[in-house]
Number of protein chains: 2
Amino acid sequence: MSPDLPAYRRIADDLRVRIQSGEFPPGSTIPTQQELTDQYKVARMTARQALAELVNQGLVVSQQGKGTTVRDVRHMVYRPQAEFEPRISAEMDRFMAQLSQDGRKPSQSIDVAVESAGPIVAARLGLDIGDPVAVRKRVRSLDGEPFNINDTYYDFKLAGDTAIMNPADIPQGSNFVMESKGLVEVRAIDEIYIRMPNSEEVSRLNLGAGTPVAMHVATGYTADDRPVRCDIFIIPGDRHVILFERIHNRQDAPAATS
Amino acid sequence: MSPDLPAYRRIADDLRVRIQSGEFPPGSTIPTQQELTDQYKVARMTARQALAELVNQGLVVSQQGKGTTVRDVRHMVYRPQAEFEPRISAEMDRFMAQLSQDGRKPSQSIDVAVESAGPIVAARLGLDIGDPVAVRKRVRSLDGEPFNINDTYYDFKLAGDTAIMNPADIPQGSNFVMESKGLVEVRAIDEIYIRMPNSEEVSRLNLGAGTPVAMHVATGYTADDRPVRCDIFIIPGDRHVILFERIHNRQDAPAATS
DNA sequence: AAGTGGTCTAGACCACGCC
DNA sequence: GCGTGGTCTAGACCACTTA
């Protein structure tokens, strides 16, 4: 039962324990690479490898010239239901109050474009890859720090001549603009994928190493099952909790077929 | 605008492009460390650093003696609503059919214990940290490969003398056992956290480097807002999509206060 | 046995932040 | 300037897989 771990693993495990024990609280600086090479009698590359472990696990961040510090994770609430289901229970209120971060200034930038549908969007909107789609690209920030990305796609044939193409903020919410075309969204399907960010997402969201993201794909439908819009959200894992609330349906009804 | 990237980044970016272009399809072997040192005229450690990038982004996996291969990601559907909301729309059916993987053999192991409540569970069940809780720990597997972890917690004072403490599978679903105590779950709140796995999760789920997980905390409530159970699911990002379906509530009702 | 990736060394020089 | 982490080299030996 002596696992005989490599040196860099022993160092990493040791530091992890010391961090979790509170010896190095969030925001504090852990030993430098030089200190680790001295204390553990290893080459600097080995100490670096130990630190790389912790960085990739999202526990610490290294900054050139400054040192390596313990990460502080504080979660904002991300609630997909908020737009269409304003009613929340008392329990939900409690969670939101516990988890939300107040006193920070929200802002967002909006960018509107016509693009060719990629595979994800095309499949959700019932289009062919390459068909034109109207996109509203938003980056939401908090205190100037980018917080999440939200790209909303519409079939250009349907949305091309609506207020959706206006890069300004749409007062009553862009989800209601399509109703002028007779497309009333009554239902949505949420898909959540967990993965590491690609390089574009890293730079747009200013993500550190070891930060996974959720890709949330929300597709809205009319009562007669036609897709209205497809939203793609990129949610950095180190800054968000995703929240849902469900009312149970205890009648064992068969799956809808009509 | 010449970014002047370090060598390992150029190599990593180059390989990433070649992988995404289809030159190296999922499952195929990418150039060896030796080949990279020759082709890019760098030291082996530099080639290794390039590969480490791709590993930590979840794009490839390295195996001693075998080589480095492109990862194949195929998503199983994970649908938190399944237990209590069997009714699904035609659109949902379409998604499930598209995304699910058939022909694989599911199995699960169940382990029952009484433990002390940790901070997460205690807060959800309205207990103090250290209070006794009944736990049903499940590992779900597919073709013998562990797929996800599901630990269900109950207040021991309420569940101690029910069928929940039976390590066998509970025919009608363990969520209905608490009803014998007058605790009928009518609502649930889902919290989803995105993060890198801890070492226990890595070994229990046999996770490769660069695989993030979702921690799904589901808390069930009675009609009078008492918590009934707290489920903690660990969902590996490389094997799951999380799916929700929502029916919009367009009456702008005020938040519940009663 | 040959080839793969994993670990480790002992140096070097560079880029960044702070005093 | 000094200390921090970032990049890079040219080797070495080990562990695992395949043939």
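All values reported here derive from a predicted model rather than from experimental measurement. Proteins get letters first, then strands, A, B, ... in listed order; numbering begins at 1 in each.
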Practice task
Answer yes when B/Arg136 and B/Asp151 have at least one side-chain N-carboxylate O distance shorter than 4.0 Å, and no when they do not.
Solution key: no

Exercise for the section: Determine: side-chain N/O of B/Thr68 to OP1/OP2 of C/dT4, distance under 4.0 Å, yes or no. Expected result: no

Exercise for the section: Compare the minimum distances between each of D/dG5, D/dT9, D/dT7 and the side chain of B/Tyr8, then state the nucleotide with the smallest one. Expected result: D/dT7

Handout entry: Parallel, tilted or perpendicular: ring planes of B/Phe244 versus A/Phe244, cut at 30 and 60 degrees
Key = parallel

Exercise for the section: Give the rounded distance in Å between these two atoms: CD of A/Gln34 and C1' of D/dT4. Expected result: 10 Å

Practice task
Could you check whether the rings of B/His216 and B/Phe233 sit parallel, tilted or perpendicular, using 30° and 60° as the cut-offs?
Solution key: parallel

Handout entry: Nearest-nucleotide pick for B/Val42, side chain only, options being D/dT9, D/dG6, D/dT17
Key = D/dT9

Exercise for the section: Round to a whole Å and report the spacing from CD1 of B/Ile11 to C1' of D/dT7. Expected result: 12 Å

Exercise for the section: Ignoring backbone atoms, establish whether B/Thr46 has a side-chain N or O less than 4.0 Å from OP1 or OP2 of D/dT9. Expected result: yes

Exercise for the section: In sequence, state the C-alpha distance, the side-chain angles, and the governing distance for A/Ile120 and A/Ile232, and then conclude on side chain to side chain contact (heavy atoms under 4.5 Å, CB included). Expected result: CA-CA 9 Å; A/Ile120 294 179; A/Ile232 299 183; 4.1 Å; yes

Handout entry: Nucleotide D/dG6, atom P - distance to CD of A/Gln63 in whole Å
Key = 9 Å

Completion exercise
Whole-Å distance, A/Gln64 CD to D/dC2 C1', equals 15 Å

Completion exercise
Closest to the side chain of B/Ala43, out of D/dT9, D/dG5, C/dG6, is D/dT9

Practice task
Whole angstrom is fine here: how far is it from CD in B/Glu53 over to C1' in D/dT7?
Solution key: 12 Å

Fill in the blank from the handout: note: A/Lys41, atom NZ; C/dA10, atom C1'; distance rounded to Å ~ 16 Å

Practice task
Let me know, please, whether A/Met45 or A/Leu51 comes out on the 5' side of the other along DNA chain D by nearest nucleotide.
Solution key: A/Leu51

Practice task
Would you mind checking if A/Glu53 and A/Arg48 are paired as a salt bridge, meaning a charged N to carboxylate O distance below 4.0 Å?
Solution key: no

Practice task
Send over the distance from A/Leu36 CG to C/dT9 P, rounded to a whole Å.
Solution key: 13 Å

Handout entry: D/dT9 phosphate, OP1 or OP2, under 4.0 Å from B/Arg44 side-chain N/O
Key = no

Exercise for the section: Please check the phosphate of D/dG6 (OP1 and OP2 only) for any side-chain N or O of A/Gln33 closer than 4.0 Å. Expected result: yes

Completion exercise
Rounded to whole Å, the CZ-C1' distance (A/Arg10 to C/dT7) equals 13 Å

Handout entry: Nearest-nucleotide comparison on DNA chain D, the residue closer to the 5′ end among B/Lys66 and B/Gln49
Key = B/Gln49

Problem - Pairwise 5' ranking along DNA chain C for A/Ala7 and B/Gly65, keeping only the more 5' one - result: B/Gly65

